[in-house]
Amino acid sequence: MILRILPILFAAASPFPSAAALPQYAAVRAGVAAATPKKSAGPRRKVPASVRAKGPKLAPSRVAPATAIHATTPNGRLELTDDLSSMLARARSGKWGVLVVSLSTGDTLFGHNPDEQLLPASTMKLFTSSLALDRFGADGRFETVVLRAGALGSDGVLHGDLVIRGAGDPTLAGKATDDGGVPPMDALARQVAAAGVKHVTGGIVGDGSAFLDGHVPDGWRTRYLQASYAARVSALSFNENKITILVRPAGSHAELSFQPAVSGVPVSNGVKITPSSKGARIGVRQDSTGRLVLSGWIGAQSAPRDFQVMVEGPELFAAGALRAALTAQGVTVDGPVRVGTSPLYAVAMATFASPPLQKIVTQMNGESNNHFAELLFRDAASNVGAPGSAENGNILLRRFLYEKADVAPTSVFAADGSGLSTLDRVTPRAMVQLLGYVRKAPWGTVLEQSLPVAGETETLRHRMRFTAAMGNLHAKTGTTNEVASLGGYVTARNGEQLAFSFIYNGKDRSRAKEAIDAMGASLASFTR
């Protein structure tokens, strides 16, 4: 089934603002930012003697080494409370929010600040996954379309532009599909050529207008922006908006090529050749227009050098990739690549559908892929007729949580879909309530099976190994410089199905992560 945008409006009775009320979003966002607490050590906790470091008392100028935090085998709720409380106390600073609920009986087994609004990091993807699956279903797909904006003559000449219009497919890549199919741009170019196009008098236009907000979500730190985990956001994204530039000496000049192949993208090549050298010193940047600017030098005897670039203008690079694919099919294009929108009279000539959503969600949660999450978050808003933006994604998410999972509207604030934003806030209670609803949802099995498994797969492969949680605990991780979090499911020793949320905000992240793993393993050993 191919998904189409439906003109469905939010109900007037909804407790959340409509798309027309988006100016209020800025005030909400500002309020969240203003309310962000300063980091502090938090209240002092008395550490039980059973977990204090052994040995002689040290002089005041020395610090005792931290002892390891070990999992326990709690028998009954009181022992579980004592054990988890002791583990939380082992972090030297910061703030915790924790909630553990038995899905088998419905009772709360443990809570510590369960209604505290905290930075979630990538556990935010639990919310994004649920929202997307609720909107599209496990079999939903996203369709990229190539349209002609002009008349096609019997001689194969298209008098006008070709437009590639994105629909928020996060998997549109520069390599062959997993099922053995051809790369997406090649597939689109082949369809265009098969339709009789031999020559395009215009250019190639990249249309990312399905999303309306900027390429960088609110609350992303500047230092993130050159990292591979912080790709720009666009409805027309190609190769996760990462391109590799290869530079090699070619006689008296430096030759450039791209992987995946793109053509027509503006480049300023200022790299000079240094004779009798095997070295290189090359700088790569993009200016405000999307032009690639290369400077420096490469030795005449140097091996090829490659540089990965985070694309600032995704639409331009996607259009350039289509242009290169058309050239490979023998279709000539006179005009340049540029960014624009498809006119109403444009006629579809080629389509490429993404894999089903269940496959996308599985990859996203396994890899903790931020780019996938950002596109899915905006896709969900587009699907109900609202503009594809983070603001509308937040509105839709809060409505979904309220109506389906009985989550209070103030419990979640999503400035992005990945959890990378410093403005995001969730409560442990909201996360556990969502996890409880997921178990009843028609797509719930898809989401649960997408989660990493302790000691075995993806981001939990090396955690909780050789404990009762190994092969048992399924959860989404979350990690930034200020956050260590984990949310998911585990089966207790007595067979009870437990949902949990552990969120730590602070500087003692490594110690908090150790405590989280000990708590997860202890839940797997719990009985009563």
Minimum side-chain heavy-atom gap [X]-[Y] below 4.5 Å:
X    : Y    : result
W220 : L423 : no
T123 : L486 : no
V426 : L119 : no
V265 : I243 : no
T327 : T332 : no
L172 : M185 : yes
L133 : V446 : yes
L162 : V146 : yes

Would you please say whether a donor-acceptor pair under 3.5 Å links the side chains of [X] and [Y]?
X    : Y    : value
S368 : S122 : yes
N239 : K175 : no
S450 : K476 : no
H199 : D334 : yes
N365 : S129 : yes
H159 : T201 : no

Nearest-0.5 Å distance, [atom1] of residue [X] to [atom2] of residue [Y]:
X    : Y    : atom1 : atom2 : result
D406 : Y437 : CG    : OH    : 12.5 Å
L447 : S130 : CG    : OG    : 4.5 Å
S295 : I282 : OG    : CD1   : 9.0 Å
I204 : L322 : CD1   : CG    : 5.0 Å
S268 : D287 : OG    : CG    : 8.5 Å
T362 : E367 : OG1   : CD    : 10.5 Å

inquiry  = Given R232, which partner from the list E312, H215, E315, H371 fulfils the side-chain hydrogen bond (donor to acceptor under 3.5 Å, both in side chains) test?
reply    =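 In the set E312, H215, E315, H371, the residue that makes a side-chain hydrogen bond (donor to acceptor under 3.5 Å, both in side chains) with R232 is E312.
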request  = Can you run down the salt bridge (Lys or Arg N to Asp or Glu O under 4.0 Å) pairs that involve residues 246-266, sequence neighbours left out, and say none if there aren't any?
outcome  =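 Qualifying pairs: R248-E255.
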For the side chain of [X] and the backbone of [Y], is there at least one donor-acceptor N/O pair under 3.5 Å apart?
X    : Y    : result
E374 : V233 : no
T427 : A430 : yes
R221 : R223 : no
D161 : A149 : no
D186 : A325 : no
S421 : D218 : yes
T274 : S277 : no
R378 : F211 : no

inquiry  = Centroid separation under 6.0 Å, is that true for the rings of F400 and F127?
reply    =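 Not close enough - the centres of the two rings lie 6.0 Å or further apart.
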request  = Answer yes or no: is there an ion pair linking R141 with D169, defined by an N-O contact shorter than 4.0 Å?
outcome  =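 Salt bridge: no.
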message = Tell me if the CZ atom of R439 is crowded by more than 12 foreign heavy atoms within 6.0 Å.
response =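 Yes, because the 6.0 Å sphere around CZ of R439 holds more than 12 heavy atoms from other groups.
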ask   = Looking at P428 and S501, what are the two nearest heavy atoms and their distance?
value =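 Minimum heavy-atom contact is CA-OG, 3.5 Å.
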message = Under the criterion side-chain hydrogen bond (donor to acceptor under 3.5 Å, both in side chains), I'd like the reasoning laid out for T244 against Q308: C-alpha separation, chi angles, the key distance, then a yes or no.
response = CA-CA 4 Å; T244 298; Q308 187 180 78; 4.7 Å; no
